[in-house]
Amino acid sequence: MTPLIPADRQVIDSYGPGIFRVSGTLYEGPLLVFPDRAQAWSATDFASLTVASFDVIRGSEPAVEILLLGSGPKMGLLPSKLRRELREAGIVVDVMETGAACRTYNVLLSEERRVAAALLPV
C-alpha cells in the first residue's frame, strides 16, 4: 500500500551509487531533502560531520522535528557531542544507512511529520 503524499512534497523516488532521484529530479552527491525542497549538501563524508554541517537544517522554517541522517552504505555512530548540540537546537537525529533513511523519510513525510533527510550517497 502506497501512502498518499501531497503532490507538492519532495518524495525520494530512488537512490544508487552517488545519486538520488527526488520527485523526478536527479541529484548527484550528498543531498538534503525537506518536505518542500531538495538541495545539494556540502558534507563530504560521515567522519567529517560537524555541527556546522547541519546549519541549513538548524535554520530551516518550519523547524525540522526529526532529522534522518543517511550515513552511506553502512550505519555510523554520531559523536555524542554533535548529537547533543543538535538536540539543543531542537533536532532529534536518527542515524541509519542511506537506503533506510530514504524509505523512513517517505513514511514520515506521508504522516505529515516535520522531517528532513541528510543523505550521504551509497
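For this chain, numbers begin at 1 and follow the sequence in order. Since the model is a prediction, treat every value here as computed from it, not as a measurement.
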Side chains of [X] and [Y] in contact at under 4.5 Å (non-hydrogen atoms):
{"X": "Leu82", "Y": "Val51", "answer": "yes"}
{"X": "Val95", "Y": "Phe46", "answer": "yes"}
{"X": "Val64", "Y": "Arg114", "answer": "no"}

Could you state whether [X] and [Y] fall into the same hydrophobic cluster, counting links through intermediate Ile, Leu, Val, Met, Phe, Trp or Tyr residues with side-chain heavy atoms under 4.5 angstrom apart?
{"X": "Met96", "Y": "Phe20", "value": "yes"}
{"X": "Tyr27", "Y": "Leu68", "value": "yes"}
{"X": "Val122", "Y": "Met75", "value": "no"}
{"X": "Ile66", "Y": "Leu49", "value": "no"}
{"X": "Phe34", "Y": "Ile12", "value": "no"}

Locate the shortest heavy-atom distance separating [X] from [Y]; write the atom from each residue and the value.
{"X": "Ser53", "Y": "Ser48", "answer": "OG-O, 4.3 Å"}
{"X": "Ala118", "Y": "Ile57", "answer": "CB-CD1, 4.2 Å"}
{"X": "Tyr15", "Y": "Cys102", "answer": "CD2-SG, 4.0 Å"}
{"X": "Pro30", "Y": "Ala43", "answer": "CG-O, 3.1 Å"}
{"X": "Gly76", "Y": "Ser71", "answer": "N-OG, 3.3 Å"}
{"X": "Leu31", "Y": "Ala40", "answer": "CD1-N, 4.1 Å"}

message: Applying side chain to side chain donor-acceptor pair (under 3.5 Å) as the test, list every pair that has at least one member in residues 31-40; sequence neighbours left out.
response: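 Residue pairs with at least one partner in residues 31-40: Arg37-Gln39.
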
Just jot down the side-chain hydrogen bond (donor to acceptor under 3.5 Å, both in side chains) partners of [X], sequence neighbours excluded, or say none.
{"X": "Arg83", "result": "none"}
{"X": "Ser14", "result": "none"}
{"X": "Arg87", "result": "none"}
{"X": "Ser23", "result": "none"}

With no hydrogens and no angle check, is any side-chain donor or acceptor of [X] less than 3.5 Å from a backbone partner on [Y]?
{"X": "Tyr105", "Y": "Val11", "value": "no"}
{"X": "Trp41", "Y": "Val33", "value": "no"}
{"X": "Thr104", "Y": "Ala101", "value": "no"}
{"X": "Thr98", "Y": "Leu119", "value": "no"}

- prompt: Checking side-chain contact (heavy atoms from CB on, under 4.5 Å) for the pair Leu67/Phe54: CA distance, chi angles, key distance, verdict?
  reply: CA-CA 10 Å; Leu67 173 62; Phe54 300 92; 3.7 Å; yes

task: Inspect the surroundings of CD in Glu111 and state if more than 12 heavy atoms from other residues, nucleotides or ligands are less than 6.0 Å away.
output: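 More than 12 within 6.0 Å, yes.
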
message: Between Arg103 and Glu97 (salt bridge meaning N to carboxylate O under 4.0 Å), is one present in this structure?
response: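 A salt bridge is present here (some side-chain N lies under 4.0 Å from a carboxylate O).
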
- prompt: Measuring from Glu88:CD to Arg58:CZ, what's the distance to the nearest 0.5 Å?
  reply: 10.0 Å

query: Measuring from Thr25:OG1 to Asp13:CG, what's the distance to the nearest 0.5 Å?
result: 8.5 Å

Co-members of Leu77 in a cluster of I, L, V, M, F, W and Y side chains, linked at under 4.5 Å: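 Other cluster members: none.
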
